[in-house]
Amino acid sequence: MDWIRGNTVGRGSSATVSVATSCRSGNIFAAKSVEFFESEMLQREQKLLSTLNSPQIVQYIGDSITMEDNKLMYNLMMEYAPAGTLYDAIRNQRGRLEESVIGQYTYQIVQGLEYLHSSGVVHCDIKGQNILITESGAKIADFGCAKWSDPDASASMPIAGTPMFMAPEVARGEEQGSAADIWALGCTIIEMATGMSPWPNVNSDPLSVLYKIAYSGELPNIPVFLSTEAKDFLSKCLQKDPKSRWTAKQLINHSFVEEFNLSQRQNQKSFTSSPTSILDHRAWTSTEESETMDDIFETKSASLAHRIGGLWLNSRAPNWKWEETWITIRENVEGVKQDNNVGGR
């Protein structure tokens with residue numbers, strides 16, 4: 001497939017996301033790219049994402065290996081959402097969504113989570129920045145932290161994700177199962193309702209927030225202005241004991257979201273913004289950056305100060321910038337993988 005790489009719309013600590021156009025069909029998609037010798041994590045994401053097929057999951061298009069500027073690049077190609085992310089939608093609505101919109105997006109996210117969990121996948125990084133808003137509704141995206149729920153299959157996978165959306169058991173380094181996604185969903189609902197982090201005062205004292213999550217037993221504040229149904233839904237998500245949290249299958253029948261169905265997506269308000277991507281991490285602070293926590297939770301005996309301090313020090317601030325260059329890529333996926341015959345211009 002020949003394709004044109006357009007503007008860079010997202011740049012993280014390793015991968016770069018660009019708008020891309022198929023030369024044959026003219027279809028636009030997103031290309032998440034990294035140098036091939038650093039592509040192990042992106043290839044793992046491709047293997048997982050390529051097994052998924054749901055209206056509530058970002059669509060996988062393919063992968064490719066290209067030669068660009070004398071660099072061998074690995075590219076993961078996915079659905080592109082010009083309206084951006086849920087985070088963008090919140091910002092565009094001046095930091096707060098109407099409860100009816102929150103309910104509809106929540107329903108769609110729960111549908112996506114129910115599909116993932118029933119497929120044996122844990123996302124591990126649910127938050128507004130990882131939810132795409134498309135014409136057909138909200139879709140879960142960015143599977144860079146995702147893993148199989150089977151302990152044997154994910155034994156080598158470290159605990160990862162965004163600190164302020166982590167469940168208590170995850171912050172303590174104990175486990176990261178499907179219940180952790182449900183906790184993060186609750187935090188995302190608070191994000192939609194308030195336009196703020198699920199934990200207050202994070203800018204002034206982020207270390208204390210991490211302590212609260214892991215050991216204080218405190219819960220994120222549930223907005224008082226939400227309806228009784230919304231508050232009850234949140235209470236089912238934000239249980240300290242992961243075994244007490246409702247599953248996605250249970251939540252999908254909760255009264256807060258039961259009125260929403262697939263046909264109502266057609267009436268969803270369309271949010272417009274500058275083109276963005278699934279890696280548009282315009283985070284609250286660097287403490288919201290998705291992190292691998294291997295170095296933080298090395299052993300159970302490590303001190304609390306060392307673990308929390310390590311989480312803070314190892315956080316990396318994003319470095320996004322816009323580019324106006326265009327590159328035409330010509331390659332054959334199978335041929336490249338088998339023969340390493342790559343080309344570009």
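Remember, predicted model here, so these are calculated numbers, not experimental data.
With a 6.0 Å radius and a threshold of 12 heavy atoms from other residues, nucleotides or ligands, K47 has its NZ atom at or below the threshold. When the shell of 6.0 Å around CG of N53 is examined, it contains 12 or fewer heavy atoms from other residues, nucleotides or ligands.
When atom types are taken as modelled, the side chain of S39 and the backbone of L42 share no donor-acceptor pair closer than 3.5 angstrom. Under a 3.5 Å cut-off, the side chain of R245 and the backbone N or O of S178 do not form any donor-acceptor pair. Checked by atom type and distance alone, the side chain of S18 never pairs as donor or acceptor with a backbone atom of A20 at under 3.5 Å. Side-chain N or O atoms of Q239 include one that pairs as donor or acceptor with a backbone N or O of S235 at under 3.5 Å.
From N27, atom CG reaches atom CD1 of I61 across 8.0 Å, with rounding to the nearest 0.5 Å. Taking CG of L49 as the start and CE of M77 as the end, the distance is 12.0 Å to the nearest 0.5 Å. Here the CD1 atom belonging to I182 is positioned 9.0 Å from the CD atom belonging to Q250, to the nearest 0.5 angstrom. Atom NZ of K32 is separated from atom CG of D63 by 13.0 Å, given to the nearest 0.5 angstrom. Taken from OG1 in T188 to CD in Q129, the straight-line distance is 10.0 Å, to the nearest 0.5 Å. One distance of note links CG of N92 with CZ of R94; it measures 11.0 Å at 0.5 Å rounding.
A heavy-atom distance below 4.5 Å is found between the side chains of F165 and P198. At a threshold of 4.5 Å between non-hydrogen side-chain atoms, the residues T51 and Y60 do not count as touching. A 4.5 Å side-chain heavy-atom check between M73 and V34 finds every atom pair outside the cut-off. You'll find the side chain of V121 stays beyond 4.5 Å of the side chain of K147, heavy atoms only. Contact annotation: the side chain of L185 approaches that of F233 to within less than 4.5 Å [non-hydrogen atoms, C-beta and beyond]. Counting heavy atoms from C-beta on, the side chains of V58 and F143 come closer than 4.5 Å. Taking the side chain as every heavy atom from C-beta outward, I133 and Y105 approach each other to under 4.5 Å. Between L226 and F256 the shortest side-chain heavy-atom distance does not fall below 4.5 Å.
Heavy-atom minimum distance, P220 versus W183: CD-CZ2, 3.8 Å. The shortest non-hydrogen separation linking I213 to A171 is CG2-CB, 3.6 Å. The shortest heavy-atom contact between A180 and A167 is CA-CB, 4.1 Å.
Residues V122 and W148 do not share a hydrophobic cluster, defined by chaining ILVMFWY side chains whose heavy atoms lie under 4.5 Å apart. I109 and I90 fall within a single hydrophobic cluster, where Ile, Leu, Val, Met, Phe, Trp and Tyr are joined by side-chain heavy atoms under 4.5 Å apart, directly or via other members.
Using modelled atom types, one finds a donor on one side chain and an acceptor on the other under 3.5 Å when comparing N75 with T66. Under 3.5 Å, the side chains of Y74 and E38 contain no donor-acceptor pair of N or O atoms. Between the side chains of T162 and K127, a donor-acceptor pair is found at a separation under 3.5 Å. Looking only at atom types and distance, the side chain of E191 has no donor-acceptor partner in the side chain of S197 under 3.5 Å away. Side chains of D88 and T85: a donor on one and an acceptor on the other come within 3.5 Å. Judged purely by distance below 3.5 Å, without hydrogens or angles, the side chains of T21 and R5 never pair a donor atom with an acceptor atom. In this structure, a donor-acceptor pair under 3.5 Å is absent between the side chains of D142 and H123.
A salt bridge links E79 with K139: the distance from a Lys NZ or Arg NE/NH1/NH2 to an Asp or Glu carboxylate oxygen falls below 4.0 Å.
Cation-pi geometry between R96 and F225 is met: the NZ or CZ atom falls under 6.0 Å from the ring centre, inside 45° of the normal.
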